[in-house]
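For the single chain, residues carry numbers from 1 onward in sequence order.
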Amino acid sequence: MHAPDDSHQDHRALASATQGAARRLSRVLHYQSPSTLSFTPTVYVDVTAHLSGKLAALGAHASQVEHSPMVEPDAVVASARHWGAQARIGYAEAFAPTRMVLDMRPRPRRRAGDVPAAHRIVPDPRLAG
């Protein structure tokens with residue numbers, strides 16, 4: 001979600017509404033936008049393999065990109081390099097957490113073709129004819 005410390009009133013309102021909606025979630029992260037006033041990230045995601053896709057997506061929105069120097073391709077790459085240097089990796093996106101709970105329990109390995117339980121369709125026995 002947008003960082004709460006933003007000069008754009010819509011971004012501040014959205015950050016506030018999202019924080020309320022996410023009140024029961026274990027992970028709530030903020031990102032920087034062109035109008036963010038202060039931003040001190042401590043969570044980084046390696047985007048090295050995805051940077052070209054992001055640039056292509058921005059290219060599809062040229063009319064919006066041309067009005068914001070922060071989303072020009074050179075600035076996007078420079079920002080990803082900057083946050084990557086902070087994280088000691090190639091290219092990164094940076095986030096400032098409001099809440100960041102990590103589940104350290106080991107997860108069972110899935111075999112190719114396994115469907116997670118949350119994605120299985122279980123027939124309702126009441127509908128069986």
Side-chain angles (χ1 to χ4, degrees):
M1 84 172 93
H2 282 285
D5 188 15
D6 199 293
S7 64
H8 194 294
Q9 65 188 14
D10 292 347
H11 294 177
R12 286 192 313 273
L14 185 58
S16 178
T18 304
Q19 280 184 327
R23 66 188 171 277
R24 292 188 177 92
L25 297 179
S26 59
R27 295 183 192 146
V28 181
L29 303 172
H30 303 282
Y31 55 83
Q32 182 180 33
S33 76
S35 54
T36 301
L37 296 172
S38 65
F39 187 67
T40 308
T42 56
V43 174
Y44 302 92
V45 175
D46 186 343
V47 296
T48 304
H50 308 285
L51 192 55
S52 61
K54 181 175 182 174
L55 294 171
L58 287 170
H61 299 279
S63 65
Q64 293 176 344
V65 170
E66 68 187 24
H67 298 295
S68 179
M70 276 192 75
V71 291
E72 290 176 355
D74 291 343
V76 169
V77 172
S79 179
R81 284 183 59 117
H82 169 75
W83 296 127
Q86 298 295 310
R88 311 298 190 263
I89 57 178
Y91 297 93
E93 292 281 347
F95 300 91
T98 288
R99 191 168 36 259
M100 184 72 181
V101 177
L102 298 176
D103 184 354
M104 303 303 284
R105 291 177 291 178
R107 303 251 181 217
R109 289 184 174 218
R110 291 193 311 220
R111 295 183 310 258
D114 283 352
V115 177
H119 297 162
R120 284 191 199 122
I121 297 174
V122 179
D124 187 335
R126 297 172 293 176
L127 301 176

Is there a path of hydrophobic side-chain contacts, each under 4.5 Å between heavy atoms of I, L, V, M, F, W or Y residues, that connects Ile89 with Val77?
no
Taking all heavy atoms of [X] and all of [Y], pick out the closest pair and write down the distance.
{"X": "Gln32", "Y": "Trp83", "result": "OE1-CZ2, 3.6 Å"}
{"X": "Glu93", "Y": "Val47", "result": "CG-CG1, 3.3 Å"}
{"X": "Phe39", "Y": "His30", "result": "CE1-O, 3.7 Å"}
{"X": "Leu102", "Y": "Arg27", "result": "CA-NH2, 4.3 Å"}
{"X": "Ala80", "Y": "Leu51", "result": "CB-CD1, 4.1 Å"}
{"X": "Thr48", "Y": "Tyr91", "result": "OG1-N, 3.2 Å"}

Is the number of heavy atoms from other residues, nucleotides or ligands under 6.0 Å of Arg81 CZ greater than 12?
no
Could you give the distance from [atom1] ([X]) to [atom2] ([Y]), rounded to the nearest 0.5 Å?
{"X": "Met100", "Y": "Ser26", "atom1": "CE", "atom2": "OG", "answer": "8.5 Å"}
{"X": "Thr98", "Y": "Leu25", "atom1": "OG1", "atom2": "CG", "answer": "11.5 Å"}
{"X": "Glu72", "Y": "Leu55", "atom1": "CD", "atom2": "CG", "answer": "12.0 Å"}
{"X": "Ser79", "Y": "Asp74", "atom1": "OG", "atom2": "CG", "answer": "12.5 Å"}

Side-chain donor-acceptor contact under 3.5 Å, Ser33 with His8:
no
Can you tell me how the ring of Tyr31 sits relative to the ring of His2, calling it parallel under 30°, perpendicular over 60° and tilted otherwise?
tilted
Check whether any side-chain N or O of Arg99 sits under 3.5 Å from a backbone N or O of Pro97 as a donor-acceptor pair, and report yes or no.
no
Strictly distance-based, threshold 3.5 Å: is any side-chain N or O of Ser7 a donor or acceptor partner for the main-chain N or O of Ser35?
yes
